[in-house]
Every structure is written in structure tokens, then in C-alpha cells.
Amino acid sequence: MEEKFKLEANPLGVWIAAVSDDFTPAAVADFLRLKGVRKYDEKAVKEFARQKNRSPQKIADRDPLEEKLSTVIVHLPEDKMTASVTLEPPFFTNPWPDKADVLEALEFEKVVFGVDESVIEKLIELKLCDERVTVANGKPAVNGNNARIELLRDPDQMPAPAADCDDAEKIDHRERSPFVYVRQGDEIAVKHPAVPGENGMTVTGVEINPLASKDAAFPIKDGFNISDDGLSLTAAINGRLLRKNNKLTILPELEIRGDVDFSVGNIDFKGSVKIFGTVRDGFQVLASNDIEIKQMVEGARIESVTDIVIGGGIQSMGKGRIIAAGNVTANFANQAYIRSNGEITLKNSVLHSDISALQTVTVMGGKKPQIIGGRIQAEAGVVCYTLGSEIGTKTEVIVGVPPILNERRKELQDAVVKYTENLEALDTSLTFLKRQEMSGVLSEKQRSSMVGAIKSKYQLQASLRSCQDELEDINKRLEMTRGQAVVKVKDVCYPGVVVTIRDSKYIVREAFKNVAFVYDKDAREVKIRPFDDVD
């Protein structure tokens with residue numbers, strides 16, 4: 001604009017002259033505003049804009065009251081987080097404000113924080129007028145972080161099924177369970193502590209406090225330990241982790257309201273397990289405490305460190321395992337495999353099953369308490385209502401010997417027979433080869449075979465001696481540990497039953513009623529006594 005107009009002032013008035021012809025009346029008004037000429041003759045200005053006079057033309061009288069100095073206006077919003085200034089231009093003969101003037105105006109409005117002097121210097125340099133320019137900024141308060149609980153074991157997150165590879169067909173969906181099991185000492189959750197915020201400041205120097213950070217507590221009910229620093233949550237007991245009413249808890253007993261099938265998966269629980277339905281074929285239930293199954297067990301694996309109770313019986317079809325360190329109780333067993341370090345009690349029929357107890361096996365109390373087929377072992381004795389069947393089904397009962405030692409003894413006896421037969425075959429082969437050698441017709445291939453046969457003979461002899469030594473040791477232990485064992489049959493014992501007590505066998509060839517089989521120490525054989533005469 002300086003190139004288009006020239007402005008002068010003298011005692012007679014304010015004068016303007018055109019420097020070029022390229023301007024509009026609005027450009028003249030803008031020029032006068034910038035020069036601080038606030039009151040002028042509008043008609044004279046319009047005439048000047050029309051004529052574009054090169055010689056000075058008067059447009060205003062001199063009025064000292066209107067010839068103001070520059071004004072620095074400070075703007076403060078309600079939150080006082082910024083300060084901006086507007087420069088109103090001075091009458092063109094008066095000086096523009098300097099940096100000190102702006103700082104003084106800010107100080108008057110108590111702006112003492114966040115002032116950017118470089119912006120003020122640029123504002124003065126460019127002589128910006130009638131425009132708000134931010135020259136100071138406050139510091140906002142920085143809110144901290146609330147404390148946060150991070151779950152390392154989420155009771156609502158179903159574990160992925162186990163798989164050895166990415167092949168979906170090889171994933172074992174029996175290992176997929178809706179339950180989360182934890183062991184004592186497992187870390188369940190951690191707390192990330194609250195982080196305090198940072199104070200802020202307004203441009204007027206007033207401190208701004210951040211929002212207070214909130215602490216968080218572990219959402220727990222029963223079964224947990226919290227570390228001394230309050231940052232770690234661990235399981236105090238073995239059990240199932242679950243959430244009730246938004247609170248974590250650990251239950252030492254696992255309850256399954258339905259069947260153990262693909263909807264539940266295999267169970268390996270450090271505590272007691274109660275199942276209201278059936279354990280289906282191919283599944284397993286392992287527990288460190290009692291297992292109670294209200295209905296059936298199919299061809300499943302059931303193992304407990306204590307007792308197992310099966311209300312509906314065992315229908316294994318030659319599959320599965322029932323193993324307890326304590327007692328086993330069931331309604332019936334069909335083609336079942338049962339092992340117990342305590343007592344085994346069944347109310348009804350035991351059919352073609354392999355049963356072994358360290359104490360007693362009792363089959364009594366139901367409508368059909370009978371043992372038919374299979375093999376029953378019990379160190380203390382066997383008590384049943386009916387033993388065997390009318391058609392002479394082979395049924396084996398072994399008592400008076402710890403089942404584990406008895407089974408190991410049978411393994412060793414089978415091994416001795418096998419090693420002896422193999423040695424006899426080797427001796428026959430070696431005898432032939434030695435005759436060939438003595439006749440001078442032994443080939444190199446036969447010589448190599450003879451060397452190999454001699455080595456095999458030494459190895460077999462060593463294995464045979466080892467088995468014989470262990471067998472002898474077991475027999476000595478059995479002689480020391482045998483007690484008074486008995487097989488008692490309340491109703492009928494049918495032919496086809498083989499009763500073994502200690503080393504003596506009794507093959508039942510005719511039906512007996514109300515009978516007990518006992519071991520006669522003097523005769524070293526099994527004798528028959530009336531049921532009620534034997535405790």
C-alpha cells in the first residue's frame with residue numbers, strides 16, 4: 001500500500017496523494033486504518049479514489065484527541081491457558097509499540113508463564129494489527145494412569161486344544177476344556193500400580209492439579225495369596241479358577257453337572273471331582289482327591305490319589321482304566337480294569353473283569369451280586385454272593401498275595417520260560433556248529449554265526465539269572481508278608497472257578513453253596529469250609 005499512497009500531516013490537516021492509479025476506495029480505507037487515521041471525510045476519500053489525484057488532497061482535519069498512540073490489547077480465555085494480543089495501530093505520526101510495551105501489557109494482566117518473546121518480536125517486526133496473536137501458552141495438567149489389574153489366568157477364556165502340529169485333523173479335542181485349573185503357587189494376576197499425574201500451569205501462574213489416580217484391588221473372594229508388595233496374586237490352593245459375581249475364586253472341588261464328553265474334555269484336577277453324569281468312552285478324569293461319578297463310566301480312564309465312587313457302574317468293554325490309591329466303590333463292572341491300594345466294593349455283577357485290590361474285593365448288597373469270568377486279585381480276600389456261572393465260565397480268584405508282587409512274579413515266570421526255551425534253541429545250534437568246526441567244514445559265515453550265538457547265549461544266561469534272582473527274592477518276600485486270606489461265597493460257587501491262595505490252586509469241579517476257601521498251613525493246600533465258620 002505504501003507504493004500506492006502517500007500520507008502527510010501538517011497543522012492544516014491530513015493529506016493523501018496517489019502514487020499509482022491501481023486502487024479502489026476499499027484499499028484507501030484499509031490504508032487509512034493501518035495508518036491509524038480513524039476519523040476522516042468519507043466524501044473526500046471517495047472523491048480522491050475517483051480522481052486518483054497525484055497531488056495531496058485533504059481528507060481530515062488535525063485533532064490531537066483522535067491521534068491515538070498504539071494500543072496493546074491482551075485477550076485471556078476463561079481457562080487462562082493462553083494469552084493473545086491485538087495491536088491497534090497508532091496515528092501514523094506516532095511510534096509503533098515495541099517489545100517492552102507488549103511485555104508490560106502482559107504483566108499488567110498478570111500473564112507470567114509461557115510467554116514466547118520470539119513471537120512478540122515477530123509481531124512487532126511485521127506490525128500486525130487488528131489480529132489476535134497467541135504469545136503465551138499454559139502447561140496443561142497431565143493426568144496419571146489408574147492402577148490396573150492384569151489377569152494372567154482368565155477363567156472365562158477357554159484353553160486351546162492340544163496339538164503337536166498345525167494339522168487340524170490331529171488336534172485332540174478331548175484336551176479342550178471349559179475349565180481353568182490352577183496349582184498352589186500359580187500366579188493368577190498382577191497389579192500395575194497407579195502412576196501419578198503432572199501439575200499444569202495457567203499463563204497467569206495458577207497451578208493446575210491433575211485428576212487423582214485411582215488405586216485398584218484384586219477382584220478376589222477365596223483361595224488366593226497377595227504378595228507383600230501388593231502387586232502379585234497367586235493361588236493359595238489347588239483347584240478350579242472361576243468368576244462369581246465379578247469376583248475370582250478357587251474351588252477345591254470341581255463339579256460337572258452333565259457328562260464328561262467333548263463339551264467338557266479331559267479332566268486333570270488338583271482336588272476333588274464330582275460328576276453328575278457319565279464319563280464317556282475315550283475320556284479321562286484324573287484327580288488328586290476323591291472322584292465321585294453319579295452315573296456310568298464307559299471305556300474311560302479314571303485315576304484318583306484317594307477314593308473313587310461310581311454310582312452307575314462301569315461299562316468298559318475292555319477299554320479304559322479305573323485306578324485308585326484308596327478305595328473303589330461301584331454298582332457293577334463289565335469288562336472293566338480296576339486297581340486299588342485299598343478295598344474294592346461292588347453291589348452287583350462283576351463280568352469278565354480284571355480287578356486287583358491290595359485289601360479286599362467285595363461283591364455284595366445288590367440284586368445280582370455275582371462274579372463271572374475274568375480275574376480277581378486281593379491280598380486280604382474276596383467276598384461275594386455268587387462266584388462263577390452255571391455254564392462253567394472260567395473265573396480266576398487269587399488271594400493271599402500282594403497283587404503287584406503276584407503280577408510281577410508271573411511276568412518273571414513267563415520270562416524264565418522264554419529265556420530257557422531260547423537257550424535250548426541256541427545250544428542246539430551251537431552243538432551243530434561245533435561239530436562242523438571239528439570236521440573242518442565250518443564256513444566263514446557259519447563261524448560268524450557261531451560267534452554271535454555264543455554272545456547271545458551269555459546275554460540270555462545273564463538275563464535268566466537276573467529273573468531267577470528277582471523271582472527268588474519275591475518268593476521270600478511273599479512268604480514273609482502272607483496273611484490269612486480267604487475267598488467266601490455266600491450263595492453258589494460254580495465249576496470253572498479257580499481259587500489260588502498263596503501257591504496253592506483249587507479247581508472247582510462241582511457246585512458248592514455257602515462256602516469259604518481257606519489255606520491250610522499244615523497241608524499247604526486250599527481247603528473248603530462253611531461260609532459262617534470263617535471270619
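Just so it is clear, the structure is predicted and the values come from calculations on it, not from any experiment. As a basis for the values below, the full set of heavy atoms in this structure was taken, side chains included, without hydrogen atoms, waters or symmetry mates.
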Any side-chain heavy atom of I355 sitting closer than 4.5 Å to one from I371?
no
What are the two closest heavy atoms between G271 and A287, and how far apart are they?
O-CB, 3.4 Å
Is V383 close to T360 at the side-chain level, that is, under 4.5 Å between some pair of heavy atoms?
no
Any side-chain heavy atom of K505 within less than 4.5 Å of one from V498?
yes
If you round to the nearest 0.5 Å, how far is CD1 of I220 from CG of L233?
5.0 Å
Of all heavy-atom pairs linking Y519 and S504, the shortest is CE1-OG, 3.4 Å
Between CZ on residue R257 and CZ on residue F276, distance to nearest 0.5 Å
4.0 Å
Any donor-acceptor N/O pair, R447 side chain to L433 backbone, under 3.5 Å:
no
Measuring only between side-chain heavy atoms, which start at C-beta, is N238 closer than 4.5 Å to N289?
no
Looking at D222 and K247, does any basic side-chain N land under 4.0 Å from a carboxylate oxygen?
no
With heavy-atom distances below 4.5 Å as the criterion, would you say the side chains of I293 and V309 are in contact?
no
For the atom pair CD1 (I376) and CG (D354), what is the distance rounded to the nearest 0.5 Å?
7.5 Å
Treating T428 as the side-chain partner and E424 as the backbone partner, does any N or O pair qualify as donor plus acceptor under 3.5 Å?
yes
Considering only heavy atoms from C-beta outward, does the side chain of R529 approach that of D520 to under 4.5 Å?
yes
Quick one: closest heavy-atom pair of G366 and P369, and the distance?
O-CD, 3.4 Å
Just jot down the side chain to side chain contact (heavy atoms under 4.5 Å, CB included) partners of V492, sequence neighbours excluded, or say none.
Y494, A511, K513
Quick one: does S439's side chain have a donor or acceptor within less than 3.5 Å of a partner on R435's backbone?
yes
Does the distance from a Lys or Arg side-chain N to an Asp or Glu carboxylate O, for R465 and D469, drop under 4.0 Å?
no
Pair K294-E292, salt bridge (charged side-chain N to carboxylate O under 4.0 Å, His left out): steps then yes or no:
CA-CA 6 Å; K294 295 290 188 180; E292 181 181 358; 2.9 Å; yes
Give a yes or no on whether a salt bridge exists between K434 and E437, defined as a side-chain N under 4.0 angstrom from a carboxylate O.
no
Is there a side chain to side chain contact (heavy atoms under 4.5 Å, CB included) between V264 and I275 once you walk through the steps?
CA-CA 11 Å; V264 173; I275 299 165; over 6 Å; no
Shortest non-hydrogen separation from L241 to R153 and the atoms involved:
CD2-O, 3.4 Å
Inter-residue atom distance T500.OG1 - I507.CD1, 0.5 Å rounding
8.5 Å
Is the side chain of T202 donor-acceptor paired with the backbone N or O of G138 at a distance under 3.5 Å, no angle test?
no
If you apply the rule side chain to side chain contact (heavy atoms under 4.5 Å, CB included), what do you find for Y181 with L254, and how did you get there?
CA-CA 9 Å; Y181 309 124; L254 173 64; 3.5 Å; yes
Assess whether a salt bridge exists between D261 and R280, defined as any Lys/Arg side-chain N lying under 4.0 Å from an Asp/Glu carboxylate O.
no
Starting at OG of S353, measure out to CD1 of I372 and round the result to the nearest 0.5 Å.
11.0 Å
Between D290 and T306, do the side chains contain an N or O donor and an N or O acceptor separated by less than 3.5 Å?
yes
Can you confirm whether L286 sits close enough to F269 that some side-chain heavy atom of one is under 4.5 Å from a side-chain heavy atom of the other?
no
CD1 of I338 to CD1 of I310: how many Å apart, nearest 0.5 Å?
6.5 Å
Between F224 and F218, is the ring pair (Phe, Tyr, Trp, His ring centres under 6.0 Å) condition met? List the steps.
CA-CA 10 Å; F224 300 95; F218 288 112; 8.8 Å; no
Tell me whether K457 contacts the main-chain N or O of L426 through its side chain, where contact means a donor paired with an acceptor under 3.5 Å.
no
With distance as the sole test, does S463 use its side chain to make a donor-acceptor pair with the main-chain N or O of Q459 at under 3.5 Å?
yes
Would you say E390 has more than 12 foreign heavy atoms packed within less than 6.0 Å of its CD?
no
Derivation and outcome, side chain to side chain contact (heavy atoms under 4.5 Å, CB included), residues I528 and F517:
CA-CA 5 Å; I528 297 177; F517 297 87; 3.9 Å; yes
Take K490 and K488 through the side chain to side chain contact (heavy atoms under 4.5 Å, CB included) test and state the conclusion after the steps.
CA-CA 6 Å; K490 178 70 173 175; K488 299 179 69 175; over 6 Å; no
Output yes when E525 and K527 qualify as a salt bridge under the 4.0 Å nitrogen-oxygen rule, no when they do not.
yes
Determine which pairs satisfy side chain to side chain donor-acceptor pair (under 3.5 Å) with at least one residue from residues 313-331, sequence neighbours left out, and list them in order.
D281-K319, Q315-N334, N331-N348
Return the minimal non-hydrogen interatomic distance between G381 and V399, and the atom names on each side.
CA-CG1, 3.8 Å
Give a yes or no on whether a salt bridge exists between E470 and R408, defined as a side-chain N under 4.0 angstrom from a carboxylate O.
yes
Heavy-atom count around N245 CG within 6.0 Å, excluding the residue itself: above 12?
no
Please check: side-chain N/O of N266 versus main-chain N/O of Q284, any donor-acceptor pairing under 3.5 Å?
yes
May I ask you to test the K221-K244 pair for a side-chain heavy-atom distance under 4.5 Å?
no
Determine whether a donor-acceptor pair (N or O, by modelled atom type, separation under 3.5 Å) exists between the side chain of D259 and the backbone of G277.
no
Between S232 and E187, is a side chain to side chain donor-acceptor pair (under 3.5 Å) present by the stated rule, with each step listed?
CA-CA 7 Å; S232 177; E187 192 170 34; 2.7 Å; yes
Which atom names give the shortest non-hydrogen contact between A325 and N341, and what distance separates them?
O-CB, 3.1 Å
Polar side-chain atom of N143 near backbone of L211 as donor-acceptor pair, under 3.5 Å
yes
Taking T278 for its side chain and V297 for its backbone only, find out whether a donor-acceptor pair lies under 3.5 Å.
no
Is it the case that atom CE in M364 sees more than 12 heavy atoms from other parts of the structure closer than 6.0 Å?
yes
